[in-house]
A.B. asks: 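What follows is a single structure, and I will ask about it in a moment.
The chains referred to below are lettered A, B, ... by the order of the sequence lines, with proteins before strands, and numbering in each begins at 1. Atoms considered below: every heavy atom in the structure, side chains included; atoms not considered: hydrogens, waters and symmetry mates.
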Amino acid sequence: MAGFFSQIWTVIVMNILSLPRRAWMSLAAVFAVAVVVAVLLAFLAMAKGFERTLAGTGSDNVAIVTRVGSQSELNSVLGRDTVNTMMTAPGIALDDNGDPIQSSELFVIVDGVKRSSQTQANIPMRGLFLDGFDLRENLTIIEGRPFESGRNEIVVGKGVQNQFEGFDVGAEIRFGKTSWEVVGVFSTGGSAFESELWADAPTVQSQFQRGSSFQTMRLKLANPGDVTPIKAFIDNDPTLNLDVQTEADYFASQGQALNGIAIFGWAISIVMGLGALAGALNTMYTSVAARAQETATLRAIGFSNTSAFAGTLAESMVLSIIGGIIGALAAWLFFDGFSASTLGATFTQVVFTFELTPELFANGILLALVIGFIGGFFPAWRSARVPVVTAFQGVE
Amino acid sequence: MSDDILFDLKGVSKKFTKGKDTITVFDGLDMSIARGDFLAIMGPSGSGKTTLLNMLGGVDQPTGGEIWFDGSRIDSLSENQLAAWRANNIGFIFQFYNLMPMLNAERNVELPLLLTKLSRSQRKKNIAAALELVSLSDRARHMPAEMSGGQQQRVAIARALVSDPKLMLCDEPTGDLDRETADEILTMLQLLNREYDKTIVMVTHDPEAAKYAKRTLHLDKGVFVEKDLAA
Ligand SMILES: Nc1ncnc2c1ncn2[C@@H]1O[C@H](COP(=O)(O)OP(=O)(O)O)[C@@H](O)[C@H]1O
Ligand SMILES: [Mg+2]
């Protein structure tokens with residue numbers, strides 16, 4: 001039919017031009033969609049950032065040994081004998097002297113003051129050996145130097161230094177009765193290790209009354225990814241109640257505990273989205289009612305009901321897309337690159353960065369489009385059914 | 001002879017049902033309207049004037065009988081066929097002008113042309129000619145809110161005639177205007193009838209307005225009564 005698109009286009013333009021007449025109501029609808037999208041993206045960006053941090057943390061070349069049943073490094077305990085026995089296990093890479101490349105490690109939890117909130121929060125302090133440095137991928141000392149064995153010296157992760165006060169190189173720090181000097185800052189390319197303080201393992205043992213016990217061992221694998229010889233070794237020795245897995249597997253399973261963030265984000269956004277949908281429906285029904293006479297007049301002139309339908313649907317979609325873009329921009333402004341730390345049940349503090357990827361953006365806009373489409377569809381249907389005789393009835 | 005007949009209504013009835021009540025507005029109405037006529041329809045409120053105009057304009061359908069327009073039946077057309085028929089044949093003029101408040105005068109006048117195959121430049125020419133005819137060339141870019149009632153109705157007339165329809169249907173076109181402005185509008189309609197061969201059907205309650213028409217029919221409770229006052 002002649003002018004099929006020009007009439008639809010004209011009606012769409014008229015719907016949009018009529019928006020200022022219902023400015024407040026339309027703005028409220030835009031705002032509701034913006035809030036929903038911003039909330040969704042905040043959660044998704046958080047989950048993405050966390051996932052990215054953990055995914056970057058584990059290595060396939062390193063096995064991590066913990067006591068059976070301990071959910072994490074923090075809950076594990078390994079005695080001196082166990083550690084010595086494990087050093088004789090097969091499947092571990094050896095150094096030039098024929099010694100196994102390994103790092104026995106332990107944790108203590110210390111307090112720091114967060115820059116953002118000025119409140120105290122936990123920081124994991126890891127005691128390890130200098131060999132342990134080589135077992136971390138992408139490790140660089142970005143300032144100062146590593147600690148020296150036997151001294152109360154710490155190197156701080158970049159994330160800790162950014163988020164907590166007082167960890168500048170050269171600073172003197174007290175944890176309980178002990179006093180430490182910050183001698184360096186390390187980076188591991190954004191992985192979870194950056195949320196830690198590192199110090200000499202025997203020094204940590206003595207300063208925090210840990211005797212000679214450790215919590216975990218990291219072993220460099222002779223064959224990357226292959227822990228089977230070590231597993232077999234543990235299974236054959238009834239005195240060893242240990243789990244062994246690659247570090248990559250370990251962090252992946254830790255990360256799963258927080259997959260819930262994204263699911264929770266979607267759930268809360270959908271519930272809020274229903275509220276925004278109700279707002280959109282209300283706004284659009286009001287628009288259809290307010291413009292019934294204009295719609296009927298166009299129909300009397302000969303415009304199709306398809307154009308009335310399209311105009312209303314487009315108006316709704318435009319409002320929600322604007323809302324979606326505002327919400328996404330707000331999320332991007334406030335949350336992208338925003339550093340946060342989470343107090344996981346098993347993790348204490350992991351410092352990670354919210355990450356808004358284009359893919360997440362698309363998710364936010366998609367949610368806005370769905371709200372706009374459903375919120376516009378039913379009112380558009382009503383608009384298409386406005387009786388033409390309405391054109392001849394006087395206005396209010 | 002039947003060549004001269006534009007509209008032919010045969011035994012047209014129209015009933016409205018509201019719940020259990022049925023309102024019979026017309027029951028077996030016969031009438032014909034000649035090509036080139038300027039017909040005024042008068043009658044008390046509730047006598048069915050608007051209902052008749054709506055059926056002539058194909059925006060409402062009779063419950064019985066036949067409506068013939070230019071040799072073909074329009075009472076059995078589908079809704080979309082009627083819309084296309086209206087676009088090709090009818091120009092409406094409403095009591096409250098019914099301009100689109102967000103469009104300026106020329107955009108309002110353009111609306112019926114959007115349903116045609118005319119090119120943009122051809123549309124521009126027709127819009128200019130229509131605005132010229134209603135002496136509003138200098139207001140082409142004005143918004144409806146910036147114009148008086150009489151000017152708005154002239155824009156509405158330009159919109160009704162821009163696509164060159166055979167028939168113009170006017171429901172109380174001067175009902176909202178003062179005497180002087182009303183006379184201006186009616187003179188314009190008369191000109192369209194005399195010089196441009198438009199057939200016009202106008203509903204009015206104003207005897208002064210009816211004087212501009214070629215003939216006047218009086219409607220009372222759905223039937224025409226002889227009370228010819230035409231000058
Ligand atoms: N859509 C409708 N539903 C029910 N009754 C209607 C409807 N339209 C008109 N009527 C009734 O039909 C009669 C004629 O109405 P109308 O044609 O508007 O009269 P007029 O224009 O002469 O004042 C009135 O009694 C009116 O109440
Ligand atoms: Mg009436």
Side-chain angles (χ1 to χ4, degrees), chain A residues 1-23 26 287-312 314-315 318-319 381-396, chain B residues 16 49-55 57-61 79-104 107-120 123 143-145 156 159-160 162-163 165 169-172 175-176 203:
Chain A
M1 186 198 157
F4 181 75
F5 290 107
S6 59
Q7 60 168 305
I8 286 182
W9 176 245
T10 304
V11 174
I12 289 173
V13 169
M14 284 195 292
N15 271 73
I16 311 271
L17 289 178
S18 75
L19 281 173
R21 280 192 257 154
R22 297 172 302 283
S26 305
S287 165
V288 168
R291 302 197 57 243
Q293 208 196 24
E294 290 163 27
T295 304
T297 301
L298 289 172
R299 300 273 288 115
I301 289 172
F303 279 61
S304 65
N305 46 18
T306 314
S307 63
F309 184 88
T312 302
E315 179 182 336
V318 164
L319 289 179
W381 190 256
R382 184 178 290 180
S383 179
R385 305 250 54 91
V386 167
V388 188
V389 293
T390 309
F392 294 86
Q393 288 151 9
V395 270
E396 310 81 78
Chain B
F16 290 108
K49 305 184 295 295
T50 297
T51 304
L52 176 60
L53 203 72
N54 286 344
M55 290 192 297
V59 301
D60 204 356
Q61 285 178 306
E79 216 182 308
N80 281 332
Q81 286 171 320
L82 273 177
W85 175 81
R86 288 194 298 268
N88 288 327
N89 296 290
I90 312 286
F92 284 104
I93 296 168
F94 307 89
Q95 178 174 357
F96 300 102
Y97 332 127
N98 292 25
L99 298 180
M100 302 295 137
M102 69 298 267
L103 301 182
N104 67 22
R107 288 282 176 209
N108 264 287
V109 174
E110 186 181 27
L111 290 172
L113 298 180
L114 296 174
L115 307 176
T116 67
K117 290 193 175 81
L118 293 184
S119 69
R120 204 183 167 77
R123 293 205 299 267
M143 303 304 282
R159 179 179 69 185
V162 72
S163 57
L169 296 176
C170 323
D171 192 7
E172 306 273 11
D176 209 37
V203 162

A.B. asks: How long is the straight-line distance from CD1 of A:Ile301 back to CG of B:Leu111, given to the nearest 0.5 Å?
C.D. replies: 5.0 Å

A.B. asks: Find the distance between CD (A:Gln7) and CG (B:Leu113) and round it off to the nearest 0.5 Å.
C.D. replies: 13.0 Å

A.B. asks: Given a strict heavy-atom distance threshold of 4.5 Å, which part of B:Asn54 is in contact with chain A: side chain, backbone, both, or neither?
C.D. replies: side chain

A.B. asks: Is atom CH2 of B:Trp85 surrounded by more than 12 heavy atoms (other residues, nucleotides or ligands) closer than 6.0 Å?
C.D. replies: yes

A.B. asks: Are side-chain heavy atoms of A:Ser18 and B:Met100 found at a separation under 4.5 Å?
C.D. replies: no

A.B. asks: So, B:Arg86 side chain and A:Ala300 main chain: donor-acceptor pair closer than 3.5 Å or not?
C.D. replies: yes

A.B. asks: In Å, rounded to the nearest 0.5 Å, how long is the span from OG of A:Ser6 to CD of B:Glu110?
C.D. replies: 8.5 Å

A.B. asks: Can you tell me which portion of B:Glu79 sits under 4.5 Å from chain A's heavy atoms? Options are side chain, backbone, both or neither.
C.D. replies: side chain

A.B. asks: With under 30° as parallel and over 60° as perpendicular, where do the rings of B:Phe94 and A:Phe392 fit, or are they tilted in between?
C.D. replies: tilted

A.B. asks: Would you say B:Asn98's side chain and A:Gln293's backbone share a donor-acceptor pair under 3.5 angstrom?
C.D. replies: no

A.B. asks: What distance do B:Asn80 atom CG and A:Asn305 atom CG have between them, rounded to the nearest 0.5 Å?
C.D. replies: 5.0 Å

A.B. asks: Can you say whether B:Arg159 sits under 4.5 Å from chain A via the side chain, the backbone, both, or neither, judging by heavy atoms?
C.D. replies: side chain

A.B. asks: What verdict does the side chain to side chain contact (heavy atoms under 4.5 Å, CB included) test give for A:Val388 and B:Asp60, after you've listed the backbone C-alpha separation in whole Å, the side-chain angles of each residue and the deciding distance to 0.1 Å?
C.D. replies: CA-CA 8 Å; A:Val388 188; B:Asp60 204 356; over 6 Å; no

A.B. asks: Are any non-hydrogen side-chain atoms of B:Met102 and A:Arg291 less than 4.5 angstrom apart?
C.D. replies: yes

A.B. asks: Between B:Ala87 and A:Gly302, which heavy-atom pair has the shortest distance, and what is it?
C.D. replies: CB-CA, 4.1 Å

A.B. asks: Tell me if the CZ atom of B:Arg123 is crowded by more than 12 foreign heavy atoms within 6.0 Å.
C.D. replies: yes

